[in-house]
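A short write-up of the structure that comes next.
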There are 2 protein chains.
Amino acid sequence: MPRTKGTVSIRDVAAAAGVSVATVSRVLSAASADVPVRKETRDKVERAIEELGYRPNDLARALLQHRTAAIGLVVPDISNPYYPPLVRGVEDAASSRGYRIVLCNTDRDPAKISGYLDTLIKTRVDGIVVAGGGWADVPDRTAVLGNYRTGLVAVGRHVTAHPSVRIDNVAASREAAGHLIGLGHRRIAFLGGPASSTTVQDRAQGYRDALKVAGLAESGAVVRYGDFTEESGYAATREILDVSPPPTALLCANDRIALGAYAAAADAGRRVPVDVSIVGFDDTPIARYVRPTLTTVSIPTYEMGGAAVRMLLAQLGGNTASEIETMPTRLVVRDSAAPPA
Amino acid sequence: MPRTKGTVSIRDVAAAAGVSVATVSRVLSAASADVPVRKETRDKVERAIEELGYRPNDLARALLQHRTAAIGLVVPDISNPYYPPLVRGVEDAASSRGYRIVLCNTDRDPAKISGYLDTLIKTRVDGIVVAGGGWADVPDRTAVLGNYRTGLVAVGRHVTAHPSVRIDNVAASREAAGHLIGLGHRRIAFLGGPASSTTVQDRAQGYRDALKVAGLAESGAVVRYGDFTEESGYAATREILDVSPPPTALLCANDRIALGAYAAAADAGRRVPVDVSIVGFDDTPIARYVRPTLTTVSIPTYEMGGAAVRMLLAQLGGNTASEIETMPTRLVVRDSAAPPA
DNA sequence: TTGTAGGCGTTATCAG
DNA sequence: CTGATAACGCCTACAA
């Protein structure tokens, strides 16, 4: 019965119900707005919709309304355990407001970032949430974004002209290092991720600040860079435990690195926290399940995702308040850090 | 200069370049197909595109071509470490073929599944990849999918009329249990996830098969259900280690449960694998980094994602071959399982 | 090689 | 309360 090649449209419904397409459109929008439509007519139409299994074409609607109800979500790599909660935060906040999300994994590759950005603009997403780095080498598409009224909010990044939700990495790291110092540690190493990451830079900074305050600046500062993986933490730890005297504590830029450090310590015959204390960052789910349980800095990733969506929607609504939102972190003290032997 | 309210369209480009919209359209599609266009004209147009920051509207294009280049990806929960590699597999395969993905987290909630399904149809995604369960209680939308030529392939599910990519959970579990039996274990417990999950049912089945083959069926079968979390594994293990005699080995339905079991064993003063052997499922990244390293069944999740996309695209192309693709699993023997003391 | 015009599936405006 | 009809931004014959 549907006339267009295999896909049922509003015209088929209109024909089946014996009304005009305009009327069908009305009963469709009657749900939200209050357009007047006779009950009898509505029933006819709804029956037709049901029988034909009709689903309105949101593309056509979007074309007309200049609004797709889609949000682009750009992350470095969903396989990094840091991101799933953020993604959930974004998705839950988005879907509860009628938006869907299109996910883009960039691997921090400027070419991929660039490509995804173009795709998102071409599909006319209403806005974009970007997390993580790799943007330094991406040609600035801001003007184009503006051309198409695409909103953008960054999460966890520092260098951007757009609104952003972030945490105070310097302060968080200072607190974590301070905790170790308070425990009596004097030789503390910092195991970072990529040196190019502003997050890593900030955490290294907080670490140095804490050492300086404690008067340990030169004697005890040891900073290693690598990436955000277990391997990286493992390798760095194996090396670092070999120097003499070895550090008595390790401040890791994330939990994955800390996990690698656990493994390296075990393989080197050192016990945590007796021989070496370890502190992480992120409070990933495993932190509670490794033994000893991991002392780490908790970051409200899920909430940050939600906040990003709220800011984005505000931005789309023309509301330009709260350009930067800083969310609180918290040092979760567990069993992996103790006074040095 | 753009005339339409704030967003630059093909007409603006045409005007700026002093040509017709058709010509602009041609230089746009000239990239892929080979439409004839004079170099001089092309340059003019491309200059205009550049200057105006023009990005073609894929909505309009999709409307015309009945093809959105979008794939819906439905998973229970991206925060479950099992899914990120699958999602990456899908995204990488999709994006390399010019498709983008819209991500849907269902929490196995029939209402959410249903809602997302409608959204995906309304936005006219070309196809849908569904992973994980919760579909038993969802009213069948298959007819509607057909109305809109939406492809669908399931990954890791058994009850479905659609093509699917899966693994042989029964055989994999049989092998894992067999490994434990071969080590000399006689009292082996199975720690499952949700009893309603076909995956869990199959793994329990494989476990029972192995026991039976070894003549242990009645004496040694202990099956616990719960969910796929560390908590669940922790709780089950604490209980199970209290019975006397306790099992000497634990076969866990996934690595998260196994991780919970590690923690419970430690808290109960039992050593792995001396006092209790543990085997997991999934070969999550942490498996290599816990100590002792975790013996577990490796599942090619990333590849399964890629396979799903290939099958989906074949389906869209009218190719209906390979209705079911079964991918190989592999028991990765590490240090968490050893002969009983 | 380039321009004109019709239509993709909706919604919105205006008459009736 | 309902029905024509003109957009939305683009592609694709068909003409020129």
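First the proteins, then the strands, lettered A, B, ... as listed; each starts at 1. Computed from heavy atoms alone, side chains included, the values below leave out hydrogens, waters and symmetry copies.
- A/L312 pairs by the side-chain contact (heavy atoms from CB on, under 4.5 Å) definition with A/I71, A/V129, A/V153, A/Q315, not counting sequence neighbours.
- Shown here are the salt bridge (charged side-chain N to carboxylate O under 4.0 Å, His left out) partners of A/R42, two or more places apart in sequence or in another chain: A/E46.
- B/E51 has its side chain within reach of B/R47: a pair of non-hydrogen atoms, C-beta onward, lies under 4.5 Å apart.
- For residues 16-26 of chain A, every residue pair satisfying the side chain to side chain donor-acceptor pair (under 3.5 Å) rule, not counting sequence neighbours, is listed here: A/S20-A/T23.
- Rounded to whole Å, atom P of D/dC11 lies 14 Å from atom CG of A/L59.
- Nucleotide C/dT10 holds its P atom 11 Å from the NE2 atom of B/H66, rounded to whole Å.
- Here C/dT10 presents its P atom at 17 Å from CZ of A/R67, a figure rounded to the nearest Å.
- Between B/S9 and D/dG9 there is no side-chain N or O to OP1 or OP2 distance below 4.0 Å.
- Within the structure, every pair that satisfies the salt bridge (charged side-chain N to carboxylate O under 4.0 Å, His left out) test and touches residues 60-76 of chain B, not counting sequence neighbours, is listed here: B/D58-B/R61.
- Between the P atom of D/dG9 and the CG atom of A/N57 lies a distance of 16 Å, rounded to the nearest Å.
- Rounded to whole angstrom, the span from the NZ atom of B/K44 across to the C1' atom of C/dG3 amounts to 13 Å.
- Atom CD1 in A/I49 sits roughly 16 Å away from atom P in C/dG9 (whole-Å rounding).
- Comparing B/T23 and B/Y148, the nucleotide of DNA chain C nearest to each residue sits closer to the 5' end for B/T23.
- Taking the salt bridge (charged side-chain N to carboxylate O under 4.0 Å, His left out) definition, one finds that B/R100 meets it with nothing, sequence neighbours left out.
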Protein-nucleotides 11-13 of chain C N/O pairs under 3.5 Å:
residue	atom	partner	partner atom	Å
C/dT11	OP1	A/R61	NH1	3.0
C/dT11	OP2	A/S25	OG	2.7

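- A distance-only check finds a donor-acceptor pair linking the side chain of B/N147 to the backbone of A/L52 [under 3.5 Å].
- For the pair B/R55 CZ and D/dG9 C1', the interatomic distance rounds to 16 Å; values are reported in whole Å.
- Positionally, the nearest nucleotide of DNA chain C for B/P36 lies more toward the 5' end than for the other of B/L63 and B/P36.
- Atom CG in B/D12 sits roughly 11 Å away from atom P in D/dC8 (whole-Å rounding).
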